Every structure is written in structure tokens, then in C-alpha cells.
Protein chains: 2
Amino acid sequence: MIGNRRTNDPEGVRRRIVDTAFDAFVRQGYIATGMLEIREKASVSGGAMAHHFPAKRELGLAVIRDRVSQAVQQTWIEPLDRCIDAPAAIDLIFGDIIGELAHKGSVSGCPLNNMAMDVSPHDLEMRLALGDIFAAWHEALSAKFQADLASGRASDINPGSLATLVIAIYSGAMAMAKARQDVGALVESRAELAALLAPKYHPVTSAG
Amino acid sequence: MIGNRRTNDPEGVRRRIVDTAFDAFVRQGYIATGMLEIREKASVSGGAMAHHFPAKRELGLAVIRDRVSQAVQQTWIEPLDRCIDAPAAIDLIFGDIIGELAHKGSVSGCPLNNMAMDVSPHDLEMRLALGDIFAAWHEALSAKFQADLASGRASDINPGSLATLVIAIYSGAMAMAKARQDVGALVESRAELAALLAPKYHPVTSAG
DNA sequence: TTTAAAACAGGATGATTGACCTGTTGGGAG
DNA sequence: CTCCCAACAGGTCAATCATCCTGTTTTAAA
């Protein structure tokens, strides 16, 4: 007769756990975050936690597959689909992130990159799951550059390696911003990135 | 009468600890590495460890100031001084890293970036120490671009923001390489970086 | 030679970690 | 209404963590 009421809302409890874990993993890191801390912040009992996620690994996998992937989807892939070309989308995305971080005050970094950095060396399955998200990101960017090429909007670019470069710039600039707690690196990288893409777009059609 | 012989070599013991810690911190991360693990790998007793580094923080600081900073110095700043211009140095550095990683088999990432990612959110002093290294790196790159500009070797570049871009590309490509355990991102980024710097260098001197 | 302090050895310590266990309650199938 | 299992509560567990302690040996200064 320990007898306390309980909520009995499996989907809600699970969502609360994953949401809390995602936030903590991104801000402090996967390894630095304890199960107890997640339980307390999510107001979930040990029994409920063990029921939904018997091991920390599975919670990590769930966060990667359910949250990190959709974070990349929302902040990168969907804007790419909506914008007229790749440079426009990239500039919009950088601008949104800079504005968000500037008014939020602190920089927690790119969720995908943060997770990849401290999880990759320790868990093969998580590394592969994160690799899939990188691949989807790269594919979306690459396809957009390819489309710009096909439509004549751009010329003289290699979609695949250019997509890799853009991802590297974003990830690296985010890492610098996080390390220095300053959006300056993102601002400068955005400007440089726009400048290096510009000459490849709207090629001068034999001006006289 | 516990009585065992001991080495009594303060500088050597300290160096072994810091070397071992640097290797472990870069490969598995600062938080994921335990003091016991470092002690065992360095063959150092608990007493010696406590004498040289009473707290883990101080070992982290020592690794950052004594090893991470010199790693950046050796792999980036010195080659910059030796090469004729920035693009030559950058291409050389990327090539060296790619070759080294390719023949080593595994990618552990950029020491500075690795340390910054999992330490920055938790310790202000370490974050500032890492920020100083980033600043020195940026300053060296920026100065080289500035010199190239002054010597007429390059034109139409912004040394400061271009240096930030190069650091972001390197850090980001390293992170991708680590996450996917593949040097492809470094290879592609090197090519793209060379291609974007080329038109700014050796400007066509009124060919006809 | 005496002596104080640095350099070490070999544990011990409490706190925290991830995992798990027993018991209880809810909801849905029959 | 009955029965069964998912859903949950609350506490326990061994392992590991960073830290610190007592004692011994070396070094160097006086």
C-alpha cells in the first residue's frame, strides 16, 4: 500500500522524458546529463523511466531519431524547400539562428553537432543514426544546388562538395559561437558564405 | 611500512599525466574520462595524482594550456609562418591531416574543438582558456591574409571574417569526419576552400 | 647532520551514477 | 465482471566517480 495516484499517460510521459532529455543533451551533453536529472526535470518516477527507457542508450537513440532529426528537418530542410534557391535559404537560416541566439543570450550550439561530438566515440548505433541525419541534410542541400544548376540559376558548382562545405561552415561557426558565447562567428561566416556563393549565381548574361 | 620504491621525478610524472590526459580527453572527451583511467594508463599512484592535480579541473586547465595550445601552434600557426601565402598553408595543413587520418584509420577530431564542445558549457575558466587559443589561431590566420593583401598577392578579401570562415570550415569538417569516421568531408572541404580562395589570389594582371 | 617541505605510495571516503526490483494501479479484451 | 498486461510508484543496488587521508621517502636548505 504505497498508494499514490498516477497519470497513466504513456505517450505524454514518454514525450516529456524525450523533450527534457533533448534539451539537456543539447545544452550540457549526453554524458554530462544524468538519468536522475532528467527524471526530476520531467517529473517522472524511476519506475516510469525504466519502463519507457530501460537504458540510457535507448533514450539517446530516441532523442536522436525523434528530436534531433526533426530539428534538422525544421531548421534546414524545410526552409530549403520553401526558398527560391540555395543561397537565399542559407542566408535565411543563418539569419534566423543569429536572431534567435542574440535575443536568447546564450548559445547552446547545433543539436546534431553537439550530440555527434560526445556520443560518436562511444556508441556505434548512435553514431550511425546521427550519420543518417547528416546524410539527409547533405542530400537536401546537394539536391537544391543541383536544382539551381539545372534551372540555370547557378553555374560552375559541385553540388555534393559544396553542400559538405556549407554544412561544415554552419557546424564550425556554431561550435565557435558556443565556445566563445558570441554570435560573431555566425555573422562573419554568413557574410563570407553569401559572398562566395554570389559569383556562382545570376551569371552575367553577356553584359555589354 | 608500506614501503615501495618510487621514481621521484616530478616533471616526468606530471608530463606523463598531462600527456595521457590529453590523449584521453581528445579521444573520448573530458567528462567521459575518469581520473582512475588516467592514473592507470599513466602508471601513476593516487597520491602522486593528488599531489600534482588536486582536482580534475586543474588537470583540464593544464591540458588546455600545455597541450591543446601547442597542438594548434604546431598544426596551424607554424605552417602559416613557413608557407608563402595563406592558401598554400591551408592546403598543406588539410593535406597533412587527411594523410595522417587516412593512414591512422580512425578520426578523433580537432583537439581544440573537441575540448571546447564538452567543456565550454560547464566551466567558465576552461572556456576562456580555450577562447584564448581560438583567438590566437584567428589572429595568425587573419595576419597572414592581411600580409597577402599588403604584398599584393591577394585582393578583395576581408582578413578577419575570412579567417573565421577558414576556422569554421576546418572545425566543421573535422566534426563531420569524426561523426562519420570518414575523411571525405575534409577532402571535399579542402577542394572547395582552395577553389574559393583561388580567384582572390594572383589576380589576372591584364592578360590579353 | 638536522629539518622542513616536496614527492610520492596505497588505500579510504562519500557522493553519484545507471540499472533494476518489487509491488500497485489503470485500461482494455474477453 | 474477470483477467491480464502495460503503466507506473518508490526504493535499492553495485559500480564508479572525484577527492582526500595517512604514512613514507626523497630532496634541499640550514
Side-chain angles (χ1 to χ4, degrees), chain A residues 1-22 24-25 27-64 115 118-119 121-123 125-126, chain B residues 1-22 24-25 27-64 115 118-119 121-123 125-126:
Chain A
M1 198 185 296
I2 309 178
N4 271 0
R5 280 295 163 273
R6 78 175 125 155
T7 46
N8 209 297
D9 175 26
E11 292 168 11
V13 168
R14 188 194 145 94
R15 184 171 45 75
R16 257 160 49 214
I17 294 174
V18 177
D19 281 341
T20 306
F22 173 69
F25 289 169
R27 294 218 318 243
Q28 346 170 346
Y30 172 81
I31 299 175
T33 304
M35 292 294 252
L36 180 65
E37 180 185 352
I38 296 174
R39 288 205 315 230
E40 288 174 346
K41 283 188 181 172
S43 300
V44 162
S45 71
M49 180 66 103
H51 175 73
H52 288 281
F53 301 101
K56 193 182 182 183
R57 287 191 68 251
E58 308 185 27
L59 178 54
L61 256 345
V63 166
I64 292 170
M115 285 292 286
D118 67 338
V119 146
H122 302 101
D123 193 292
E125 198 173 357
M126 292 196 204
Chain B
M1 203 182 296
I2 310 177
N4 271 1
R5 281 293 163 275
R6 80 175 116 139
T7 45
N8 209 294
D9 174 27
E11 292 168 12
V13 168
R14 187 195 145 96
R15 184 173 44 78
R16 258 159 50 214
I17 293 174
V18 177
D19 281 342
T20 306
F22 173 69
F25 289 170
R27 292 218 323 243
Q28 344 171 345
Y30 171 80
I31 300 175
T33 303
M35 292 295 252
L36 181 64
E37 180 184 352
I38 296 174
R39 287 205 316 229
E40 287 173 347
K41 284 188 180 171
S43 300
V44 162
S45 70
M49 179 67 103
H51 175 73
H52 289 281
F53 301 101
K56 192 181 182 184
R57 287 191 68 250
E58 307 185 27
L59 178 53
L61 256 347
V63 166
I64 292 171
M115 284 292 286
D118 68 338
V119 145
H122 302 103
D123 194 291
E125 198 172 357
M126 292 197 203

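In this text the structure is predicted, and so the values were computed from the model without any measurement. Just so it is clear: chains get the letters A, B, ... in the order the sequence lines come, proteins before strands, and each one is counted from 1.
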A/I31 atom CD1 is separated from D/dC17 atom P, nearest whole Å, by 12 Å

From CZ of A/R14 across to C1' of D/dC8 the rounded distance in Å is 16 Å

Rounded to whole Å, CZ of B/R16 lies from P of C/dA7 at a distance of 15 Å

Practice task
Without swapping roles, check the side chain of A/R16 against the backbone of A/S43 for a donor-acceptor pair under 3.5 Å.
Solution key: yes

Comparing nearest nucleotides in DNA chain C, the 5'-proximal residue of the pair A/P54, A/L36 is A/L36

**Report entry** Below 4.0 Å: OP1/OP2 of C/dA6 and any side-chain N or O of B/H52
**Finding:** no

Is B/H51 near enough to C/dA9 that one of its side-chain N or O atoms lies under 4.0 angstrom from OP1 or OP2?
-> no

Taking C/dC8, D/dT19, D/dC8 as options, the one with an atom nearest any side-chain atom of A/V13 is D/dC8

Closest to the side chain of A/R39, out of C/dC20, C/dG11, D/dA7, is C/dC20

In whole angstroms, the gap separating P of D/dA18 from CG of B/L59 amounts to 10 Å

When rounded to the nearest 0.5 Å, the distance separating OH of B/Y30 from NE2 of B/H122 is 10.5 Å

- Tell me what B/G34 touches on the nucleic acid: a base, only sugar-phosphate, or nothing, going by heavy atoms under 4.0 Å. sugar-phosphate

Applying side chain to side chain contact (heavy atoms under 4.5 Å, CB included) to B/R39 and not counting sequence neighbours gives B/L36, B/M49

To the nearest angstrom, the CD-P distance between A/E37 and C/dA15 comes to 19 Å

Of D/dA9, D/dG11, C/dC8, the nucleotide closest to the side chain of A/A48 is D/dA9

When rounded to whole Å, the CZ to P distance for the pair A/F53 and C/dT17 reads 19 Å

note: A/M35, atom CE; D/dT12, atom P; distance rounded to Å ~ 20 Å

dist A/I17:CD1 -> A/M35:CE (nearest 0.5 Å) comes out at 8.5 Å

Separation of C/dG27 atom P from A/E11 atom CD, nearest Å, is 14 Å

Might you work through the side-chain contact (heavy atoms from CB on, under 4.5 Å) test for A/T20 and A/V44, ending with a clear yes or no? CA-CA 11 Å; A/T20 306; A/V44 162; over 6 Å; no

Per atom distances to the A/S45 side chain, the nearest of D/dC20, C/dC8, D/dA9 is D/dA9

